[in-house]
Structures are given as structure tokens and as C-alpha cells.
Amino acid sequence: MSNATDKPDSAADEKSLDFIREMVAADIEAGKHEKIVTRFPPEPNGYLHIGHAKSICLNFGIARENNGVCNLRMDDTNPVKEDVEYVQSIQDDLNWLIDGWADHVKSPELLFASDYFERFYNYAVDLIKAGKAFVCDLNAEEFMATRGTPTEAGTNSPHRDRSVEENLDLFKRMREGEFPDGAKTLRAKIDMASPNIHMRDPAFYRIRHAHHHRTGDDWCIYPTYDFAHCLEDSIEGITHSLCTLEFEVHRPLYDWILDNLDVPRPQPRQTEFARLNLNYTVMSKRKLLSLVEDGIVDDWNDPRMPTISACRRRGVPAEALRRFCDIVGVTKFNSLTDVALLEHTIREVLNKESVRRFGVLRPIKVVITNYPKNGEEDCEGPNNPAAEDQGTRTMPFTREVYIDAEDFMEEPPPKYFRLRPGGEVRLKYAYIIKCEEVVKNDDGSIAELRCTYDEGSKRGGPTADRKVKGTIHWVSAKHALDATVHLYERLFNVPEPGADDRDFVEDLNPNSLETVQAKLEPSLADLKPGDPCQFERLGYFCHARESSPDNPAFLRTITMKDAWTRKKPKK
RNA sequence: UGCCCGAUGGUGUAACGGUAGCACAGCAGUCUCUGAAUCUGCUUGUCUAGGUUCAAAUCCUAGUCGGGCAACCA
């Protein structure tokens with residue numbers, strides 16, 4: 001369980017704490033809590049994305065570092081927007097993300113705000129009895145019209161001074177279904193002149209004759225976020241309620257409700273942090289949904305999506321996501337994080353974990369004319385040069401091999417040190433070859449390369465130490481595994497899709513998916529699904545979900561860093 | 001024109017009144033049977049103006065810029 005790369009456990013880390021962890025540490029120091037309890041409270045109305053990963057890492061991380069608990073709670077107070085489909089996907093994604101890291105601090109039960117409906121109702125009754133809430137007959141339009149503006153005070157509801165008895169009666173009849181949707185609300189009695197609009201007698205209950213995915217038709221009144229959330233936290237004994245910046249102005253209301261009710265003390269404390277923004281992608285549920293619905297991507301878990309399920313499908317290790325969240329940190333500054341930071345942690349983790357294999361994405365046939373006609377021999381290469389203990393693999397070498405189209409140029413630019421006519425290159429773990437002839441098809445495309453090999457240049461041979469500038473990967477034509485490979489790039493071309501009033505679809509990268517028929521090292525057929533693999537010199541790949549023995553399929557998680565394509569002269 | 005929050009290199013962050021540091025990105029070099037990784041070096045920053053102080057990124061005031069807030073959404 002000791003993973004030095006993850007969030008510090010207790011190891012002598014001199015790493016400074018973010019402002020929230022500092023606060024938690026101070027609360028512990030002051031003896032304020034017996035146990036730290038945080039929570040991750042998604043609304044089941046969409047898939048989890050990388051932005052949620054930040055919140056998950058924060059909440060579960062804090063629980064983990066303090067021997068606490070983090071509750072997974074569905075914030076399902078609005079039946080018209082939520083769906084069970086999402087309850088499952090949220091659990092799957094979260095479990096994958098925290099597996100082996102913070103799964104031991106997750107609440108044993110999956111929690112639902114809807115399980116507290118009866119208690120919410122009783123708290124509302126308490127507020128009415130205390131003269132702190134009233135039933136209002138204003139409809140939505142009237143409510144807004146009397147709410148005022150940021151610069152003007154609102155006006156009191158005409159029903160604000162109803163007696164406690166009348167309010168109690170009306171509220172009960174609201175629950176019993178006597179009134180149609182929107183006919184009445186339960187409102188707090190605070191201050192219609194407050195400069196904070198959320199304190200202007202906000203609604204706590206609305207009438208919705210709607211079927212709830214868990215409580216069915218038990219209720220026709222549902223609590224609003226502001227009323228429910230602080231009580232959910234209170235009921236669960238949450239010590240630190242962490243949310244994003246837009247809830248900052250709701251905090252006075254969060255505190256007001258708990259202050260005015262007989263709830264356990266100390267009350268949970270809400271603290272806000274900045275949500276995660278990533279460049280070259282979009283994160284809003286609305287935009288993500290439209291990508292799915294308009295068929296721009298296959299589904300929520302299309303590998304180009306910034307969702308957690310997409311990351312998983314694409315072969316991004318959970319640890320890479322966690323490291324990324326760690327690097328990004330927690331502040332109140334509205335930032336736009338460079339996706340290169342994420343790409344870095346993905347490569348960092350994958351470099352450590354991936355076996356090396358050869359894959360030729362755009363094959364060109366090479367015939368080694370001075371190699372025996374039916375000759376065949378094994379070449380050996382390490383499974384992972386970064387981990388000697390992972391042993392070696394062998395791959396067959398024959399007279400005809402495939403190399404990648406990118407590794408041959410008839411008229412190469414300066415500093416190109418792969419294969420060229422008359423030039424030499426090393427076939428990695430095998431021989432140095434020299435290109436003697438380029439055979440063309442009728443249309444001018446390359447049919448094959450005819451090369452000769454230096455028989456003594458294999459490892460251990462007399463000319464093995466000859467220096468040639470380039471080393472390339474290859475696959476024996478006879479043994480190659482034919483596979484479909486999906487190559488993904490960023491979904492968008494620009495750092496901020498949709499900026500400057502553009503429609504964000506205008507910024508889509510038309511080349512975000514390319515599918516090729518590749519020739520792979522035969523042992524790749526044995527790669528376990530889910531195991532990462534590096535196609536040497538190309539990038540990190542994994543078994544595609546739809547892969548089968550008859551139709552093997554792989555997809556590219558991420559390319560290698562590539563100094564050459566950055567450097568080479570652009571056409 | 002109301003209220004709340006924020007501002008440190010290109011990006012993300014640290015420094016809690018005492019030498020502005022780290023990571024990513026970039027550049028240059030090293031190494032290399034992966035143009036990767038490794039290793040080395042370099043470029044680049046405290047929003048502005050005042051004030052307090054021996055000393056300010058840090059405290060105070062004003063301004064500038066950015067974000068949020070007027071669902072019976074969360």
C-alpha cells in the first residue's frame with residue numbers, strides 16, 4: 001500500500017499543504033473532530049469527468065490522509081433531471097479511480113440524499129414552527145419579479161406573515177398532493193433586502209408531481225439544493241464540505257439553515273475551491289452531451305472524451321489521473337490547466353508499467369535480398385528496459401519485414417536519420433540494413449524496398465557495434481499480427497474551444513481519430529486485455545474493448561514525446 | 001452601477017514579514033540499438049500605485065483586470 005508517488009500518507013513529506021488541508025490539519029490540532037468525514041456528492045445526471053476527478057482526489061485524499069471516511073452520496077433531490085443509469089456509471093468510474101488508493105476510506109454504503117427526505121421534511125416543519133419559513137403562493141414568475149436585482153432590494157411576499165398554524169397546514173397539504181406543480185413553495189424568512197440574493201427568502205421546497213428514481217411516488221414536494229445539501233452533510237456527520245467556487249455565495253445560507261435548526265455541533269463547514277479547467281477540451285455536461293448526441297463521438301466513453309470512463313477505456317492509468325490532480329493542486333484561483341500536464345503524468349506512469357513491443361502502423365515491405373530465402377531466426381529484446389526483472393521477449397526475423405512509412409524518405413530533410421535510398425539504418429534488436437532500391441507501383445507509390453543486411457551486425461556479431469544514426473522498429477511479414485489500430489488525437493484544435501463567441505464545434509479537430517490496419521509483433525496477441533503496452537518509438541497503446549482473436553484491435557493511449565516532429569521543417 | 005472571490009514565469013503551483021522555489025512546457029547539451037526515458041544547463045514571474053516596516057509576493061488602502069451571483073438546477 002505504500003506508493004511513494006501518490007499523495008503522502010505520513011511519510012516524511014515536506015510537501016506544503018493546500019489551504020484546505022491546512023484548515024483540516026488545524027481543526028484536528030484543535031481537537032474539533034473525532035474523525036474527519038468528507039463526501040463526494042455527485043448529482044446522478046451525467047458521467048463523471050476529469051473535473052470530478054479533482055474533487056474525488058481531494059475528498060478521498062483528505063479522508064485517506066487523516067484516517068477518515070469519505071462518503072459517496074448521490075445528490076438526488078431533483079427527480080426530473082436524474083436517472084439510475086448514471087448512478088451505476090458514477091460508482092464504476094469512482095471505484096476505478098480510487099482502487100487501491102482510497103477505496104478503504106469510502107463509505108461502506110452508497111448513500112442517497114433521497115433517503116433523508118422524511119428528515120428534511122421534519123426540519124422544514126421545525127423552521128416553520130420557529131417562524132423562519134413560510135408557504136408562499138407566488139408562482140415562479142412572480143417569485144422572480146419580486147426578488148429584486150443585484151442592485152435593488154426585493155419585496156416581501158404577500159404571504160410572508162402567515163401564521164405558523166396556517167403554514168403548517170399548507171405545508172402538510174403540499175406534501176399530500178393537494179396543489180399542482182409550482183402552485184406553492186416553502187420559503188425561508190430571511191431578508192428580501194439582503195445584498196446576497198440567495199438570502200432573499202429562498203425557496204426550500206417546490207411541488208413536483210414527478211416519479212423519483214428511488215422514492216417512486218412517495219413525494220410530490222422536493223427540497224432545493226440549498227435546503228437539502230447542508231442537511232445531508234449534517235445528517236452524515238460531514239466535517240468538511242468541499243465544493244466549487246460558484247457556491248461561495250451560498251455559504252451564508254448553508255450556515256443560516258444549520259444555525260437555525262437543532263442539529264449536531266460542530267456543524268459541517270463548507271469550503272470552496274476552484275474547479276478544474278483543461279485546455280484543448282470542453283468540460284461542461286451540456287457540451288459533452290451534445291458531442292454524444294450529435295454523433296461527433298461514439299459515446300460518453302469515447303476515448304477522446306474527457307470523461308473518466310473514456311480515460312479508462314483509453315488505457316489511462318488511474319494513478320496518472322491521481323498524480324495529475326496532485327500536481328494541479330487546490331486553490332481558489334480560476335485556472336486553465338495545460339493538458340500537457342496530464343499527458344506528462346500518463347507517460348510517466350505508463351513508461352514505468354508498460355511492456356515494449358513493435359507495431360508497424362503504416363507498413364512498407366522491406367525485402368532483404370541477401371538474407372536466406374527461407375531463413376528465420378529469433379531476435380531478443382527486453383520487455384521493459386526500465387525493469388530488467390521483467391525479462392525479454394523474442395521475435396522472429398525473416399527475409400521480408402515491414403517498417404513504418406515514416407521511417408523511410410526518398411528525399412529526406414536535413415537531420416533525418418532513418419532510412420533513405422543508399423542509406424543505412426538499424427532494425428532494432430536485429431541487423432543493420434542498407435536500402436539498395438525503391439520499387440514503385442504504377443501510381444508512383446512505394447511497392448517495396450529492396451535492402452541488403454550486414455550479417456555481422458546483430459548483437460554479439462563482429463560488426464554489431466557499428467554506429468548507424470537511426471534505429472527503427474520492424475515486424476516479420478510472415479509472422480505479423482494483423483490488427484486494427486485506432487489513433488486518437490486531441491478532440492479540439494484550439495486551447496479554448498468556443499472562446500470568443502465561437503460555436504465550440506467549429507474548433508473540433510477533424511483528425512481526432514484515425515484508424516489504420518497495422519502489422520504487429522506476434523506476441524501482442526497474448527497481451528492481456530487492459531494491460532498497457534508501448535509500441536516502441538510510437539507511443540502507449542492498449543487492447544481495444546472490441547478486440548477479439550479474429551479481429552485484434554488496439555488503441556493509442558498517447559504518443560511518445562517526439563522531438564523530431566517538433567524539430568523537422570514544416571511543409 | 002450591488003454583493004462575494006481571486007491575481008506569483010507560457011501553464012499549474014510553493015514561499016505563512018527575512019535569498020522568489022518546484023513541476024510541466026520550451027531551448028541547448030548528454031546519453032541512447034526507442035529522435036522516448038535518464039542526466040546537465042538555460043530562458044521566463046510577484047497586476048498597478050501608495051502606505052506600514054530595518055525588511056513586503058506576504059500586512060493596510062485605493063485602483064486595474066479576471067471569475068462568480070438575480071432556477072421552484074446542482
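In what follows, chains are A, B, ... by sequence order, proteins preceding strands, each numbered from 1.
Judged by Watson-Crick or G-U wobble contacts below 3.5 Å, the nucleotide B:A37 has no partner.
The CG-P distance, from A:Leu278 to B:G12, rounds to 11 Å in whole Å. Going from atom CZ of A:Phe324 over to atom P of B:U13 covers 10 Å, rounded to whole Å.
Closest to the A:Tyr225 side chain, of the nucleotides B:G35, B:A74, B:C3, is B:A74. Listed nucleotides: B:U8, B:G35, B:C69. Nearest to the side chain of A:Phe333: B:U8. For A:Lys81, the listed nucleotide lying nearest its side chain is B:C73; candidates were B:C33, B:C73, B:G68. Counting only heavy atoms from C-beta on, A:Thr331 has its side chain closest to B:U13 among B:C69, B:U13, B:A15. Side-chain atoms of A:Glu248 lie closest to B:C4 of the nucleotides B:G12, B:C4, B:C72.
Classification of B:A37 as anti follows from a glycosidic angle more than 90° from 0.
Residue A:Thr224 places no side-chain N or O under 4.0 Å from the OP1 or OP2 atom of B:C73. Residue A:Arg147 places at least one side-chain N or O under 4.0 Å from the OP1 or OP2 atom of B:C72. Under 4.0 angstrom from either OP1 or OP2 of B:C5 there lies no side-chain N or O belonging to A:Arg251.
Checking A:Arg39, A:Arg251, A:Gln270 one by one against A:Ser241, the side-chain hydrogen bond (donor to acceptor under 3.5 Å, both in side chains) holds for a single residue, A:Arg39. The only option from A:Arg357, A:Glu388, A:Arg356 that meets the side-chain hydrogen bond (donor to acceptor under 3.5 Å, both in side chains) definition with A:Asn383 turns out to be A:Arg357. A salt bridge (charged side-chain N to carboxylate O under 4.0 Å, His left out) with A:Arg537 is found for one member of A:Asp404, A:Asp562, A:Asp407 and no other, namely A:Asp407.
B:U48 and B:U13 are spaced 23 Å apart, taking the C1' atom of each and rounding to whole Å. When the P atom is compared between B:A25 and B:U40, the two are found 15 Å apart, to the nearest whole Å. B:A14 and B:G51: their P atoms are spaced 30 Å apart (whole Å). Comparing the C1' positions of B:U44 and B:C39 gives a spacing of 23 Å, expressed to the nearest Å. The separation of B:C60 from B:C4, taken at their P atoms, amounts to 15 Å, rounded to a whole angstrom. Taking the P atom of each, B:C22 and B:G9 are spaced 16 Å apart, rounded to whole Å. B:U43 and B:C27 have their C1' atoms separated by 7 Å, given to the nearest Å. Separation of the P atoms belonging to B:G45 and B:A57 is 15 Å when rounded to the nearest angstrom.
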Find every protein N or O atom lying less than 3.5 Å from an N or O atom of nucleotides 21-32 of chain B, and list the pairs.
residue, atom, partner, partner atom, Å
B:A25, OP1, A:Lys561, NZ, 3.4
B:G26, OP1, A:Arg566, NE, 3.4
B:G26, OP1, A:Arg566, NH1, 3.3

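Across every non-hydrogen atom of A:Val330 and A:Phe19, the tightest pair is O-CD2, 3.7 Å.
The residue among A:Ala203 and A:Arg356 whose nearest nucleotide of RNA chain B lies closer to the 5′ end is A:Arg356. Mapped onto RNA chain B by nearest heavy atom, A:Gly329 and A:Phe417 fall at different nucleotides, with A:Gly329 at the one closer to the 5' end.
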